[in-house]
Novice: 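Mind having a look at this structure? Questions to follow.
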There are 2 protein chains.
Amino acid sequence: MQLELSVDRSSPVPLYFQLSQQLEAAIEHGTLTPGSLLGNEIELAARLGLSRPTVRQAIQSLVDKGLLVRRRGVGTQVVHSQVKRPLELSSLYDDLEAAGQRPATRVLVNELVPASAEVAAALGVAEDSDVHRVERLRLAHGEPMAHLCNFLPPGLIDLDTDQLETTGLYRLMRSAGITLHSARQSIGARAATTEEADRLAEETGAPLLTMQRVTFDDTGRAVEYGTHTYRPTRYSFEFQLLVRS
Amino acid sequence: MQLELSVDRSSPVPLYFQLSQQLEAAIEHGTLTPGSLLGNEIELAARLGLSRPTVRQAIQSLVDKGLLVRRRGVGTQVVHSQVKRPLELSSLYDDLEAAGQRPATRVLVNELVPASAEVAAALGVAEDSDVHRVERLRLAHGEPMAHLCNFLPPGLIDLDTDQLETTGLYRLMRSAGITLHSARQSIGARAATTEEADRLAEETGAPLLTMQRVTFDDTGRAVEYGTHTYRPTRYSFEFQLLVRS
DNA sequence: GTAGTCAGATTGTCCGGACATGCCGATTGA
DNA sequence: TCAATCGGCATGTCCGGACAATCTGACTAC
């Protein structure tokens with residue numbers, strides 16, 4: 001069976017991108033079965049009226065996503081999936097929404113405070129200079145799931161409490177024109193203090209999952225520092241990772 | 001100041017790789033300062049006697065690593081670092097060794113057992129069929145740090161207890177010719193049972209950091225399933241992640 | 001003085017070709 | 001029958017060029 005592929009040269013969408021999307025859809029849909037060979041590049045290019053570099057670029061992007069494996073002298077084959085999405089920088093809000101959980105947010109604090117030494121170091125600002133402090137409680141099915149405490153440098157974004165309750169922080173930042181680039185993360189665990197336990201409806205001393213994160217935009221500025229605690233009975237970090245080769 | 005770059009055409013190492021390594025070293029070393037522009041591709045290609053696609057391939061690999069950012073009409077600039085390593089599939093052993101911690105391993109169990117339903121599902125083998133079971137205690141500075149329980153399908157690798165004590169499981173698998181491709185991971189937390197507490201020199205009910213992982217090779221076979229528990233006072237997961245754009 | 005326009009610079013996309021490299025099967029030889 | 005060699009095949013690397021898209025800054029017009 002021949003896979004139906006076609007490209008639209010009048011579209012502003014790059015040709016290699018059109019192709020990679022079609023291939024990805026075919027893999028997702030099961031038309032390209034795991035382990036099956038994706039006929040040689042030369043012929044594929046000829047069939048589509050594309051050049052080999054363009055076809056290679058499309059295939060390479062899927063290899064980088066972990067969907068395909070190339071073997072010299074053999075060909076390109078579809079990975080026996082199990083592959084979902086690799087870990088990406090996502091907000092808890094988006095994660096929950098993608099899982100169909102209807103997340104709710106309660107903003108506890110939204111104010112300007114002088115930066116502590118810890119916050120100043122993380123954000124790269126002067127100590128005691130003003131920073132935004134946002135504390136939120138994230139709920140799913142009416143039950144508290146996580147406590148999120150974030151610090152942001154001033155002047156970057158307009159933090160509206162109403163918007164914070166209806167969407168995620170990252171989405172707000174992206175729509176404010178900030179291009180997120182990378183983040184440094186640390187995941188650990190500790191026993192809940194009485195205050196933390198109260199907030200999350202747990203017992204004092206109960207195990208909590210913690211995450212700290214500093215996010216940078218593409219100019220290298222720190223744009224957010226967060227300290228989060230999660231109820232481990234309600235949430236765990238799940239992700240896929242690829243071996244860089 | 002001109003950055004000193006050169007390529008060796010007689011080397012079997014690909015030219016784009018030689019170039020990307022030199023650029024990466026210059027960034028690491030601080031010769032290329034964060035935010036500085038990396039002169040245009042055309043001129044760079046001419047200076048090195050390379051073609052533009054080759055130079056682009058080198059630059060692209062560093063963009064993928066998060067070290068560089070390209071802007072159309074502007075140029076390519078070095079990211080204001082803070083960038084260490086992105087998250088990769090690594091063994092605890094390698095992580096500790098890289099941190100200069102001289103890890104030690106004590107093999108507690110190394111046997112063939114019938115697969116439980118959970119293990120069979122994770123590895124994709126029949127229930128009650130034989131699988132390797134390896135239990136190890138990982139120590140740093142003489143103190144227990146983590147308890148590692150792994151299951152492997154039979155026939156893949158020769159599990160020598162002595163080798164397991166002197167190196168990591170992943171290194172063993174790689175040297176056995178297995179090409180690791182991806183892994184599905186889950187990180188959570190829970191209270192220690194009495195048995196777990198004893199093993200890790202913690203109190204019963206103390207918070208533990210947990211990680212479960214299924215690793216796949218490039219043919220899509222599950223090659224390892226692991227259930228690990230870490231002492232959160234001694235270990236946390238630290239990593240960098242890039243925004244896929 | 002301010003806003004709109006234009007030109008230069010630089011990366012993004014795409015082409016067509018060439019040769020090298022590694023893998024696999026088939027043929028050949030023992 | 002089995003092992004070694006050889007050749008075909010598919011990807012890997014590299015070239016040189018062409019045009020498009022986008023950003024910046026300077027110039028111009030109002």
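All heavy atoms count here, side chains included; hydrogens, waters and symmetry mates do not. Order of the sequence lines sets the chain letters (A, B, ...), proteins ahead of strands, with each chain counted from 1.
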Novice: Would you mind reading off the distance between L50(B) atom CG and dG17(D) atom P, rounded to a whole angstrom?
Specialist: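 Those two atoms, CG and P, are 14 Å apart.
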Novice: dT13(D), OP1 or OP2 - any side-chain N/O from Y16(B) closer than 4.0 Å?
Specialist: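 For Y16(B), the contact criterion (side-chain N or O under 4.0 Å from OP1 or OP2 of dT13(D)) is met.
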Novice: Starting at the 5' end of DNA chain C and moving along, which residue's nearest nucleotide shows up first, G73(A) or G39(B)?
Specialist: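 Its nearest nucleotide being more 5', the pick is G39(B).
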Novice: Measure the distance from CG on L68(A) to P on dT11(D) and round it to the nearest whole Å.
Specialist: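 Taking atom P of dT11(D) as the reference, CG of L68(A) is at 11 Å.
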Novice: Taking atom C1' of dG12(D) as reference, at what distance in whole Å does atom CD1 of I42(A) sit?
Specialist: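 To the nearest whole Å, that distance equals 11 Å.
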Novice: Heavy-atom count around E111(B) CD within 6.0 Å, excluding the residue itself: above 12?
Specialist: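 Yes, the 6.0 Å shell around CD holds more than 12 heavy atoms from other groups.
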Novice: Using whole Å, report how far CD of E41(B) lies from P of dT13(C).
Specialist: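 Roughly 11 Å, once rounded to whole Å.
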Novice: Can you tell me how far P of dG12(C) sits from CZ of F17(A), to the nearest Å?
Specialist: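 About 15 Å, once rounded to whole Å.
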Novice: Suppose we screen for salt bridge (Lys or Arg N to Asp or Glu O under 4.0 Å). Which residues come up paired with R52(B), at least two apart in sequence or across chains?
Specialist: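 So R52(B) forms a salt bridge (Lys or Arg N to Asp or Glu O under 4.0 Å) with E41(B).
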Novice: Can you measure L48(B) atom CG to dT13(D) atom P for me and round it to whole angstrom units?
Specialist: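 Answer to the nearest Å: 18 Å.
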Novice: Between residues 51-61 of chain B and DNA chain D, which residues have a heavy-atom gap below 4.0 Å?
Specialist: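 DNA chain D contact set from residues 51-61 of chain B: S51(B), R52(B), P53(B), T54(B).
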Novice: Could you tell me which residues satisfy side-chain hydrogen bond (donor to acceptor under 3.5 Å, both in side chains) with S116(A), sequence neighbours excluded, listed by chain and number?
Specialist: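 Not a single residue meets the side-chain hydrogen bond (donor to acceptor under 3.5 Å, both in side chains) criterion with S116(A).
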Novice: Inspect the surroundings of CZ in F237(B) and state if more than 12 heavy atoms from other residues, nucleotides or ligands are less than 6.0 Å away.
Specialist: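 Yes, because the 6.0 Å sphere around CZ of F237(B) holds more than 12 heavy atoms from other groups.
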Novice: Please identify each residue that fulfils salt bridge (Lys or Arg N to Asp or Glu O under 4.0 Å) with R71(A), with sequence neighbours left out.
Specialist: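 Only D218(B) meet the salt bridge (Lys or Arg N to Asp or Glu O under 4.0 Å) criterion with R71(A).
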Novice: Given dG12(C), dC14(D), dG12(D), identify the nucleotide with an atom nearest to the side chain of R70(B).
Specialist: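 Among the listed nucleotides, the one closest to the side chain of R70(B) is dG12(C).
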Novice: With sequence neighbours left out, write down each residue that passes side-chain hydrogen bond (donor to acceptor under 3.5 Å, both in side chains) with Q77(A), or none if nothing qualifies.
Specialist: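 Applying side-chain hydrogen bond (donor to acceptor under 3.5 Å, both in side chains) to Q77(A) gives none.
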Novice: Let me know the distance between CG of N40(B) and P of dT10(C), rounded to the nearest Å.
Specialist: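 Rounded to whole Å, this separation is 5 Å.
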Novice: So if I take every side-chain heavy atom of T76(A) and compare against dT10(C), dT13(D), dT11(D), which nucleotide ends up nearest?
Specialist: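 Selected nucleotide (nearest to the side chain): dT11(D).
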Novice: Applying side chain to side chain contact (heavy atoms under 4.5 Å, CB included), can you list everything that pairs with A222(A), at least two apart in sequence or on another chain?
Specialist: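 With sequence neighbours excluded, A222(A) shows a side chain to side chain contact (heavy atoms under 4.5 Å, CB included) to L123(A), V214(A), F216(A), given in chain and number order.
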Novice: Once you round it to whole Å, what is the distance between C1' of dC19(D) and CZ of R9(A)?
Specialist: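 Interatomic distance, CZ of R9(A) to C1' of dC19(D): 13 Å.
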Novice: From the list dT13(D), dT11(C), dC24(C), which nucleotide is the closest neighbour of the side chain of V74(A)?
Specialist: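 Looking only at heavy atoms from C-beta outward on V74(A), the closest nucleotide is dC24(C).
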